[in-house]
Amino acid sequence: MNLSILIPLLNEEESLNELYNWIIKVMQSHNYTYEIIFLDDGSTDNSWTIIEGFATKNPNVKGVRFIKNFGKSQALHAGFAKALGDVIITMDADLQDSPEEIPGLYDMITNGNYDLVSGWKKKRYDSIVAKNLPSKLFNWAARKTSGVALNDFNCGLKAYKNIVVKNIEVSGEMHRYIPVLAKNAGFGKIGEKVVQHQARKYGETKFGMERFINGFLDLITIWFLSRFGKRPMHLFGAMGSLMFIIGFMLAGYIGISKLYHMYNAMRYSLVTNNPWFYIALTTMVLGTQLFLAGFLGEIILRTKNNEERYKVSSEVNFL
């Protein structure tokens with residue numbers, strides 16, 4: 001199978017028919033073998049009914065429906081697990097991503113031998129203050145932190161080799177950083193393609209300004225996990241050991257200094273009257289706690305179970 005097209009959605013009943021017909025037109029004009037997987041993230045409108053209608057008349061259309069809204073990352077995780085195509089395309093359901101871009105993305109994966117190609121909405125039709133400027137700042141920070149040279153991390157239109165999506169773990173709100181996850185997993189050939197961005201035709205965006213705050217917090221998380229996620233002891237253990245040694249040496253100096261003054265009949269004060277004693281004690285306690293945090297982190301990594309992060313209520317056209 002050439003293509004798996006994954007479409008996460010939430011309450012997009014107005015755009016689904018137009019999007020479906022547009023994708024089918026592109027698939028037929030290029031003679032692709034394909035599957036379209038709609039990932040309904042707990043819609044409360046008629047989106048699922050429409051998807052079931054597509055699946056009834058077209059066996060290449062499949063659907064996964066969550067019991068409630070678990071988030072875009074969880075929807076993509078479910079789609080990645082089920083995708084069978086040689087190339088995986090992800091796109092949003094709001095008609096802002098053009099299906100006409102699919103052949104170009106497919107060609108870059110198959111003939112350009114890229115592991116992942118991310119769309120770049122170079123010309124956007126969103127609010128300059130609410131979306132464009134925060135997005136530029138967000139993308140700049142992501143480039144500097146991750147080392148992945150992309151202009152638009154958050155573009156929903158992306159293409160992947162099948163092996164890539166089977167070897168990355170998308171959780172929380174990490175869908176913004178799939179290219180970084182792919183790089184950390186060992187897939188280094190990541191490209192970018194300028195894609196057409198269209199103004200939203202129906203409904204309203206499901207993401208507010210808080211997505212940028214969450215995005216920056218997730219960026220810190222993914223940087224930390226990429227550096228120390230597999231070996232938390234390397235960070236916490238090293239910091240804890242260093243702090244404990246500094247505190248221990250400081251306490252030792254205070255004790256030796258008092259004994260020296262006592263031996264030479266010099267004036268001295270109680271150790272507990274010396275503020276440096278409490279600084280040393282606090283440093284040793286914090287060092288011990290950091291060391292234990294690293295140790296517990298190592299134990300958790302070795303004993304954790306992969307728990308389900310979402311619940312599926314319905315599926316169509318899956319064997």
Side-chain angles (χ1 to χ4, degrees), residues 73 134 137-150 153-154 167-188 190 210-307 309:
S73 291
L137 178 60
F138 165 79
N139 286 311
W140 174 84
R143 283 194 300 275
K144 293 298 183 182
T145 305
S146 67
V148 178
L150 293 179
F153 282 81
N154 203 34
N167 286 279
I168 57 176
E169 189 76 12
V170 188
S171 60
E173 293 187 28
M174 293 298 179
H175 57 274
R176 301 178 182 88
Y177 303 109
I178 291 179
V180 183
L181 297 174
K183 178 191 174 186
N184 292 342
F187 300 102
I190 298 173
E210 72 276 1
R211 71 173 179 156
F212 294 106
I213 299 173
N214 294 337
F216 281 115
L217 294 175
D218 289 337
L219 184 60
I220 295 170
T221 299
I222 203 167
W223 172 83
F224 178 84
L225 291 176
S226 65
R227 293 286 302 273
F228 305 107
K230 298 297 182 184
R231 284 286 182 270
M233 196 63 164
H234 287 187
L235 175 65
F236 294 110
M239 289 176 59
S241 298
L242 179 62
M243 291 186 69
F244 184 86
I245 290 170
I246 291 173
F248 184 80
M249 291 177 65
L250 187 58
Y253 170 78
I254 294 170
I256 292 171
S257 176
K258 179 181 178 179
L259 292 175
Y260 175 80
H261 282 75
M262 290 176 64
Y263 180 79
N264 290 283
M266 299 170 63
R267 185 178 178 183
Y268 65 89
S269 61
L270 294 174
V271 169
T272 53
N273 289 335
N274 189 336
W276 284 102
F277 170 75
Y278 296 101
I279 294 174
L281 187 62
T282 301
T283 304
M284 285 191 290
V285 170
L286 290 176
T288 302
Q289 290 179 333
L290 285 170
F291 185 89
L292 288 175
F295 181 69
L296 291 174
E298 292 282 347
I299 292 175
I300 291 170
L301 279 176
R302 285 161 172 72
T303 59
K304 71 172 184 177
N305 296 317
N306 292 321
E307 299 178 356
R309 297 187 298 273

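Just so it is clear, the model here is predicted, and its values are computed rather than measured.
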Euclidean distance, Glu169 CD relative to Asn184 CG, rounded to 0.5 Å: 13.5 Å

If I take atom CZ from residue Phe236 and atom CZ from residue Phe295, how far apart are they, to the nearest 0.5 angstrom? 15.0 Å

When rounded to the nearest 0.5 Å, the distance separating CZ of Phe291 from CG of Leu296 is 10.5 Å

Test of understanding: with side chain to side chain contact (heavy atoms under 4.5 Å, CB included), list the residues that count as partners of Asn264, not counting sequence neighbours. Tyr260, Met266

Please report, to 0.1 Å, the donor-acceptor pairs under 3.5 Å made by any side chain of residues 277-286, with sequence neighbours excluded.
unit_1 : atom_1 : unit_2 : atom_2 : d
Tyr278 : OH     : Thr272 : O      : 3.0
Thr282 : OG1    : Tyr278 : O      : 2.8
Thr283 : OG1    : Ile279 : O      : 2.7

Would you please name every residue forming a side chain to side chain contact (heavy atoms under 4.5 Å, CB included) with Leu235, sequence neighbours left out? Phe224, Phe228, Met239

By side chain to side chain contact (heavy atoms under 4.5 Å, CB included), which residues pair with Lys258, not counting sequence neighbours? Met262, Tyr268, Leu270, Val271

Main chain of Phe153, side chain of Arg176: is a donor-acceptor contact present, judged purely on distance under 3.5 Å? no

Minimum heavy-atom distance His261-Arg267, with the two atoms named: CD2-O, 3.2 Å

Between CD1 on residue Ile190 and CD1 on residue Ile178, distance to nearest 0.5 Å: 11.0 Å

Hey, does the side chain of Ser73 reach the backbone of His175 with a donor-acceptor pair shorter than 3.5 angstrom? yes

What's the separation between atom CG in Leu290 and atom CE in Met243, rounded to the nearest 0.5 Å? 6.0 Å

Considering residues at least two apart in sequence or located in another chain, which fulfil the side chain to side chain contact (heavy atoms under 4.5 Å, CB included) criterion with Phe187? Asp115, Ile163, Val164, Asn167, Ala182, Ala185

